[in-house]
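Okay, so here's the structure we're looking at.
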Amino acid sequence: MNFGVKDTVLIKGVGVGDGIAKGTLKFLKNEKISVTHTHEWDAGNENKRFSEALVFAGHELEILYSYALSTVGESEAEIFEIHKMMLEDDDWLDDIKKEILSGRYAEDAVISTCEKYKRVFAEMDDEYFSARSRDIGDIADRLLRALSGENNSAHGTNGKGDGEDPNKYIIVANDLSPEETVRMDRSKILGFVTFEGTVNSHTAILARSMGIPALVSTGKIDHSANGATAIIDAQNNTLVINPDKDSISRYLRRIDLIINEKNEMQKFIGKETVTASGKSIMLYGNIGGIEDVDAVLDNGGEGIGLLRSEFLYLERDSYPSEEVQFKAYKSIAEKMGGRSVIIRTLDIGADKNVGYFDLPAEENPALGFRGIRICLSRSELFRTQLRAICRASAYGNIAVMLPMVVSANEVRESREFLKIIQDELSSEGVPFDRSMKLGIMLETPAAAIMSAELAAIVDFFSVGTNDLCQYTLAADRQNPLVADICSENLEPVFRLIGMAAQNIHRYDDKWIGICGELAADTSLTQRFLDKGVDEFSVSAPYLLKIKKKISECN
Ligand code: PEP
Ligand code: MG
């Protein structure tokens with residue numbers, strides 16, 4: 001379907017959360033940019049078009065650099081400076097110009113030259129330079145967009161004074177990898193629409209953590225909708241492109257309701273999290289990094305139940321050093337001021353892949369080399385992270401949590417390794433918290449089945465329902481074709497949780513929590529409590545809703 005004309009079009013998908021937003025659709029670059037030529041080739045004209053695109057792309061990178069510098073800091077901003085330098089490289093520019101002179105359109109010259117440079121970089125032995133190959137791809141995309149004029153058309157197409165921010169977008173993409181999501185400028189996003197994906201995919205997790213609506217699994221939407229105004233309505237599982245008056249009034253009514261609901265929730269801030277029958281519950285927040293901590297505190301989070309530490313790795317082009325990690329963990333611990341901060345050790349692998357790890361290609365990556373398996377076999381990697389966590393433990397109330405555990409041996413091995421590191425730090429005179437708790441993610445059926453043995457050697461369990469559902473029900477969390485299997489067959493998952501809860505509660509001081517996405521589903525809160533769950537850890541925007549729901553449960 002072509003969206004050039006302003007007909008109202010309704011697209012169905014699977015909503016994430018219950019939010020609604022109105023804004024401009026912005027198709028992301030992982031949608032392949034198609035190049036078509038509608039004008040005659042002329043060397044002078046192509047050269048001029050290329051020079052203009054170059055100036056535009058350079059200017060865009062300067063803005064991105066300054067913005068990133070002021071919001072997320074020097075190390076995150078650096079990438080835009082590197083891209084700008086690469087954009088100005090003389091050899092590369094000469095090659096593109098030569099291609100144009102040999103009779104090619106500017107777009108084709110950019111594509112073929114970038115392909116050549118990508119290959120050259122990819123084959124370099126030096127890790128830093130081989131990682132630059134991906135940057136060349138990014139630069140090529142930026143130039144192609146500038147040549148297509150797309151960047152301009154996506155700006156300022158709304159902002160008619162009816163509530164939405166003209167500088168924010170509803171991002172549309174095939175799907176988003178965790179690596180792409182962590183690199184996004186969140187301040188400019190109103191919502192996500194993905195052609196593929198499920199409610200447990202990383203786009204969905206990011207949308208929940210940002211408190212914005214997402215619509216996944218819509219099927220392909222034609223690129224001609226880029227720049228159109230649309231309403232994304234997660235509660236009703238719809239995207240309305242070029243909304244008519246009725247859709248806009250429905251949107252405004254919903255906005256009113258949401259604002260009222262938010263105001264209503266405020267009264268739960270500062271209140272103890274307790275069920276109607278008087279059981280105290282720990283209510284914690286899930287975060288990807290320091291940037292999410294304020295939202296947890298503002299929404300009454302009593303601790304951090306899951307710090308997905310792999311985000312520190314995903315947002316970089318090389319391994320974060322011990323010092324970088326130490327500073328990140330320490331600042332979170334300090335900001336939480338003595339409240340619990342549970343740092344999950346690196347859970348890379350499967351859908352969370354990053355180039356510089358050089359992970360082997362696998363037939364079934366979700367069943368392969370991921371999480372604790374990687375850490376235990378790459379001890380230097382594990383050592384660096386555990387040293388950073390231990391050092392940070394001197395500055396707050398930190399606990400460590402292992403992902404993807406299937407056996408007591410993995411826990412024993414990790415504990416022994418942790419002890420070696422703590423002894424090393426002692427002998428170096430470095431302060432750390434010797435009594436730091438160690439827990440595990442309960443996200444494999446094996447861990448639930450072995451929970452009696454595991455409960456004896458860990459301090460807590462935190463249920464990762466995203467993975468526990470996929471492994472229990474043999475249904476890929478990323479695959480929309482089997483998404484219903486998870487939502488319709490939760491009983492086996494609940495039975496595993498109940499089994500683990502009974503085993504951990506044999507110990508007075510040990511507990512079980514839920515940190516997977518189902519923890520934020522208020523229709524399941526009572527069921528989790530019935531199974532004996534002691535802690536809920538959810539993205540910040542869901543904290544008050546869950547607190548309210550808990551207060552209504554037994
Ligand atoms: C989970 O599996 O539920 C979980 C919280 O971990 P992740 O989504 O990061 O795999
Ligand atoms: Mg998981």
Side-chain angles (χ1 to χ4, degrees), residues 16 175-182 197-210 214 216 284-289 292 296 303-315 342-354 365-375 399-406 410 439-448 460-479 483 486-487 490 492-494 496-497 500 512-521 524 528 533 535-540 542 546:
V16 175
D175 199 3
L176 295 168
S177 70
E179 199 181 349
E180 280 165 326
T181 57
V182 296
T198 67
V199 291
N200 282 333
S201 56
H202 286 277
T203 312
I205 294 174
L206 179 69
R208 280 193 205 91
S209 79
M210 293 169 68
V216 298
Y284 291 177
N286 290 351
I287 62 168
D292 299 328
V296 170
I304 302 297
L306 169 65
L307 163 60
R308 286 186 163 95
S309 71
E310 57 275 7
F311 279 35
L312 257 179
Y313 296 73
L314 289 167
E315 66 196 12
I342 299 175
I343 303 180
R344 178 174 75 183
T345 56
L346 182 62
D347 185 20
I348 219 89
D351 53 323
K352 287 177 254 181
N353 206 337
V354 57
L367 302 180
F369 197 46
R370 69 169 282 199
I372 192 67
R373 301 168 186 186
I374 294 185
C375 287
V400 67
M401 175 159 77
L402 310 173
M404 280 296 293
V405 167
V406 295
E410 288 164 334
I440 59 166
M441 293 283 295
L442 201 116
E443 52 188 350
T444 64
F460 60 89
F461 292 148
S462 183
V463 182
T465 51
N466 310 337
D467 278 315
L468 188 59
C469 288
Q470 93 162 334
Y471 294 128
T472 305
L473 300 165
D476 181 353
R477 65 191 267 187
Q478 302 282 105
N479 183 348
C486 285
S487 53
L490 288 176
V493 176
F494 273 96
L496 290 174
I497 296 171
I512 181 166
I514 308 278
C515 66
E517 297 305 295
L518 291 185
D521 182 341
L524 300 175
F528 282 128
V533 163
E535 178 240 27
F536 287 74
S537 188
V538 296
S539 304
Y542 290 80
I546 294 295

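Values below: all heavy atoms of this structure, side chains included; hydrogens, waters and symmetry mates excluded. In each ligand, atom 1 is the first atom listed, and ligand 1 is the first ligand listed.
- Taking the six-membered ring where the residue is Trp, the centroids of Tyr542 and Phe536 are separated by 6.0 Å or more.
- Using modelled atom types, one finds a donor on one side chain and an acceptor on the other under 3.5 Å when comparing Ser537 with Asn286.
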Verdict with reasoning, Leu524 to Leu490, per side-chain contact (heavy atoms from CB on, under 4.5 Å):
CA-CA 10 Å; Leu524 300 175; Leu490 288 176; 4.0 Å; yes
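- Enumerated by chain and number, the residues approaching ligand 1 to less than 4.0 Å through a heavy atom are Ile205, Leu306, Arg308, Arg344, Asp347, Lys352, Arg370, Met441, Glu443, Gly464, Thr465, Asn466, Asp467, Arg477, Cys515, Gly516.
- Residue Met401 comes nearest to Gly305 through the heavy atom pair CE-O, 3.8 Å, listed as atom of the first residue, atom of the second, then distance.
- Taking CD from Glu443 and CD from Gln470, the interatomic distance works out to 9.0 Å, rounded to the nearest 0.5 Å.
- Inspection of the environment of the Mg ion (ligand 2) yields the following protein N, O or S atoms under 2.8 Å: Glu443 OE1, Asp467 OD2.
- Judged purely by atom type and a 3.5 angstrom limit, Thr444 uses its side chain to pair as donor or acceptor with the backbone of Val405.
- A salt bridge is defined here as a Lys NZ or Arg NE, NH1 or NH2 lying under 4.0 Å from an Asp or Glu carboxylate O, and Asp467 with Arg370 meets this definition.
- Here the closest non-hydrogen pair linking Phe460 and Val400 is CZ-O, 3.8 Å.
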Derivation and outcome, side-chain contact (heavy atoms from CB on, under 4.5 Å), residues Thr203 and Asp175
CA-CA 7 Å; Thr203 312; Asp175 199 3; 3.4 Å; yes
